[in-house]
K.L.:
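Have a look at this one before I ask anything.
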Amino acid sequence: MADFSATLQVLKELVPPALQNPRVGIICGSGLSGLAATLRQTVLVPYDRLPGFVQSTVPGHKSSLAFGLMGSGGGVPVIAMLGRFHPYEGHRLSSVVFPVRVMAKMGVNDIIITNAAGALNPELAVGTIVVVHDHIALPNLTGMNPLLGPQTNLSLPRFLPLSDAYSRLLRKLVFRAAHDLSIKRDALAEGTYAWVSGPTYETPAEGRFLRAAGADVVGMSTVPEVLAAREEGMNVLVLSLVTNAVVIPMDYRSVRDEFEAENTGMSATSVVDEVVSHEEVLALGKLKGDLMKTIVEKVIDLIPSDVSMSVQN
Ligand SMILES: O=P(O)(O)O[C@H]1O[C@H](CO)[C@@H](O)[C@H]1O
Ligand SMILES: Nc1nc2[nH]cnc2c(=O)[nH]1
């Protein structure tokens with residue numbers, strides 16, 4: 001693992017001084033890197049120029065950081081990851097969260113993390129943006145926690161509380177933004193994100209299990225970034241775009257019944273379950289990317305700069 005000073009030194013050389021102190025960090029989820037299209041005075045830094053950064057290998061993720069100004073007026077300096085790292089790509093958890101720690105060292109106080117996710121809650125229509133207020137992370141509970149290991153920074157807490165991980169103030173700003181933009185009410189919802197390691201999508205039984213545990217959406221990212229950001233003292237906002245419904249048939253259609261009906265000459269209809277694909281996930285990102293972009297931009301406008309300078313919740 002490269003030390004941060006080498007990475008920060010490269011960024012100092014490549015990023016103009018006016019953009020070197022980003023106030024807000026953004027992480028773009030699958031198919032959502034268009035979020036950075038509204039940046040002005042954009043400077044792109046490819047990950048392969050940055051010690052400690054690995055590569056995004058997943059379609060719909062680019063391997064660059066974008067620096068620029070976002071929002072109205074003079075704009076707010078932001079840093080955006082146009083592609084993220086997932087443990088299922090073979091990246092170590094410490095690599096997955098390395099960019100978040102770099103953001104913290106550059107002075108980012110507020111981080112907006114976006115992702116594509118499957119709906120477990122049947123009330124969440126595809127296309128809804130879920131403002132995440134809590135998470136369930138089976139990998140964290142069973143030993144796959146990015147904060148495991150010796151403390152790297154003794155000024156950070158060893159035992160991090162997570163009861164307030166998702167900033168109440170930032171969450172409320174999303175609804176203020178939607179109101180100001182006259183976005184229709186059911187375009188947004190609130191919910192709990194379940195983090196699974198992937199890269200497999202859920203079986204129906206796993207979907208039922210996560211739903212029964214209280215999760216509304218499920219995905220393969222985000223929580224490691226949230227933990228690192230909280231450890232670094234940032235305010236965290238997570239927005240999940242529902243790209244598909246997780247298939248949770250309430251009961252298994254019996255193939256025995258189906259066979260017996262066919263065998264006795266009675267008609268039987270065999271139903272083919274829908275199968276989720278990453279192409280579907282990306283297509284939804286394309287369809288709803290503009291809505292996500294508009295909301296993020298407005299939220300950044302609404303973050304009071306004095307609040308952004310300090311930890312709040
Ligand atoms: O969480 P993001 O990176 O948005 O992507 C989501 O979409 C991919 C699966 O289609 C997985 O990587 C899942 O985590
Ligand atoms: N685990 C998981 N991740 C996703 N990312 C987008 N959709 C899904 C899904 O259905 N399940």
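Note that the numbering runs from 1 along the sequence shown for the chain. Just so you know, ligand 1 is whichever comes first in the structure, and atom 1 is the first atom listed for that ligand. Side-chain atoms are counted along with the backbone in the values below, which use heavy atoms only and exclude waters and symmetry mates.
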K.L.:
Measure T243 to ligand 2 on non-hydrogen atoms and call it side chain, backbone, both or neither using the 4.0 Å cut-off.
P.N.:
side chain
K.L.:
Can you list the atoms of ligand 1 that are under 4.0 Å from a heavy atom of S221?
P.N.:
1 (O), 2 (P), 3 (O), 14 (O)
K.L.:
Side-chain donor-acceptor pair under 3.5 Å between T222 and N115, yes or no?
P.N.:
yes
K.L.:
Minimum heavy-atom separation for L241 to L284, with atom names?
P.N.:
CD2-O, 3.9 Å
K.L.:
For V281, counting its heavy atoms only, list the atoms of ligand 2 lying under 4.0 Å from any of them.
P.N.:
6 (C), 7 (N)
K.L.:
How far is atom 5 (O) of ligand 1 from its nearest protein heavy atom, and which residue and atom is that?
P.N.:
S30 OG, 2.7 Å
K.L.:
How far is atom 8 (C) of ligand 2 from its nearest protein heavy atom, and which residue and atom is that?
P.N.:
G118 N, 3.4 Å
K.L.:
Side chains of T294 and K298, heavy atoms from C-beta outward: is any pair under 4.5 Å?
P.N.:
no
K.L.:
What protein heavy atom sits nearest atom 4 (C) of ligand 2, and how far off is it?
P.N.:
V218 O, 3.7 Å
K.L.:
How long is the gap from OG on S167 to CG on L173, to the nearest 0.5 Å?
P.N.:
7.5 Å
K.L.:
Judging by distance only, is a nitrogen or oxygen of H278 under 3.5 angstrom from one on ligand 1?
P.N.:
yes
K.L.:
Return the minimal non-hydrogen interatomic distance between S33 and C28, and the atom names on each side.
P.N.:
CA-CB, 3.7 Å
K.L.:
With heavy atoms only and a cut-off of under 4.0 Å, state how A117 meets ligand 2: side chain, backbone, both or neither.
P.N.:
backbone
K.L.:
Answer with side chain, backbone, both or neither: which part of V276 has a heavy atom less than 4.0 angstrom from an atom of ligand 2?
P.N.:
neither
K.L.:
Enter the distance from I111:CD1 to I79:CD1 here, rounded to the nearest 0.5 Å.
P.N.:
9.0 Å
K.L.:
What are the two closest non-hydrogen atoms of T114 and R84, and how far apart are they?
P.N.:
O-NH2, 2.9 Å
K.L.:
Suppose I only count heavy atoms of Y201 and a 4.0 Å limit; which atoms of ligand 1 are within that range?
P.N.:
9 (C), 10 (O)
K.L.:
Give the atoms of ligand 1, by number and element, whose distance to some non-hydrogen atom of G29 is under 4.0 Å.
P.N.:
4 (O)
K.L.:
How far is atom 5 (N) of ligand 2 from the closest protein heavy atom, and which atom is that?
P.N.:
A116 O, 3.4 Å
K.L.:
Is the distance between the ring centroids of Y47 and F85 under 6.0 Å?
P.N.:
yes
K.L.:
Between V281 and N244, is there a side-chain heavy-atom distance shorter than 4.5 Å?
P.N.:
yes
K.L.:
Quick check: does any side chain N or O of S95 sit under 3.5 Å from a backbone N or O of G52, one acting as donor and the other as acceptor?
P.N.:
no
K.L.:
Would A116 count as a polar contact of ligand 1, with the cut-off being nitrogen or oxygen pairs under 3.5 Å?
P.N.:
yes
K.L.:
Could you tell me, atom by atom, which parts of ligand 1 come under 4.0 Å of a heavy atom of Y88?
P.N.:
11 (C), 12 (O)
K.L.:
Which bit of N115 is near ligand 1, meaning a heavy atom under 4.0 Å away: side chain, backbone, both or neither?
P.N.:
both
K.L.:
If the cut-off is 4.0 Å to any non-hydrogen atom of M220, which atoms of ligand 2 fall inside it?
P.N.:
1 (N), 2 (C), 3 (N)
K.L.:
Which ligand 1 atoms does H86 reach within 4.0 Å, using its non-hydrogen atoms?
P.N.:
2 (P), 3 (O), 12 (O)
K.L.:
Going by the atom numbers of ligand 2, which of them fall below 4.0 Å from some non-hydrogen atom of V196?
P.N.:
1 (N)
K.L.:
Does CZ belonging to R158 count more than 12 external heavy atoms closer than 6.0 Å?
P.N.:
yes
K.L.:
I need the atoms of ligand 2 closer than 4.0 Å to a non-hydrogen atom of Y201, numbered in the order shown.
P.N.:
2 (C), 4 (C), 8 (C), 9 (C), 10 (O), 11 (N)
K.L.:
Give me the atom names and distance for the closest heavy-atom approach of L32 to M292.
P.N.:
CD1-CE, 4.1 Å
K.L.:
Do any N/O atoms on M220 end up under 3.5 angstrom from N/O atoms on ligand 1?
P.N.:
yes
K.L.:
Given side chains that start at C-beta, do those of N235 and I303 come closer than 4.5 Å, heavy atoms only?
P.N.:
no
K.L.:
Can you check whether N244 has an N/O within less than 3.5 Å of an N/O in ligand 2?
P.N.:
yes
K.L.:
Which protein heavy atom lies closest to atom 11 (N) of ligand 2, and at what distance to 0.1 Å?
P.N.:
E202 OE1, 2.8 Å
K.L.:
So if I count the atoms of ligand 2 from 1 in the order they appear, which ones are less than 4.0 Å from some heavy atom of G219?
P.N.:
1 (N), 2 (C), 3 (N)
K.L.:
Can you name the closest pair of heavy atoms from V10 and P51 and give their distance?
P.N.:
CG2-CD, 3.8 Å
K.L.:
Residue-level breakdown please: for N115 versus ligand 2, do any non-hydrogen atoms fall below 4.0 Å on the side chain, on the backbone, on both, or on neither?
P.N.:
neither
K.L.:
Between CZ of R176 and CG of L169, what distance do you get to the nearest 0.5 Å?
P.N.:
11.5 Å
K.L.:
Heavy-atom contacts with V246 under 4.0 Å: which atoms of ligand 2 show up? List them by number with element.
P.N.:
10 (O)
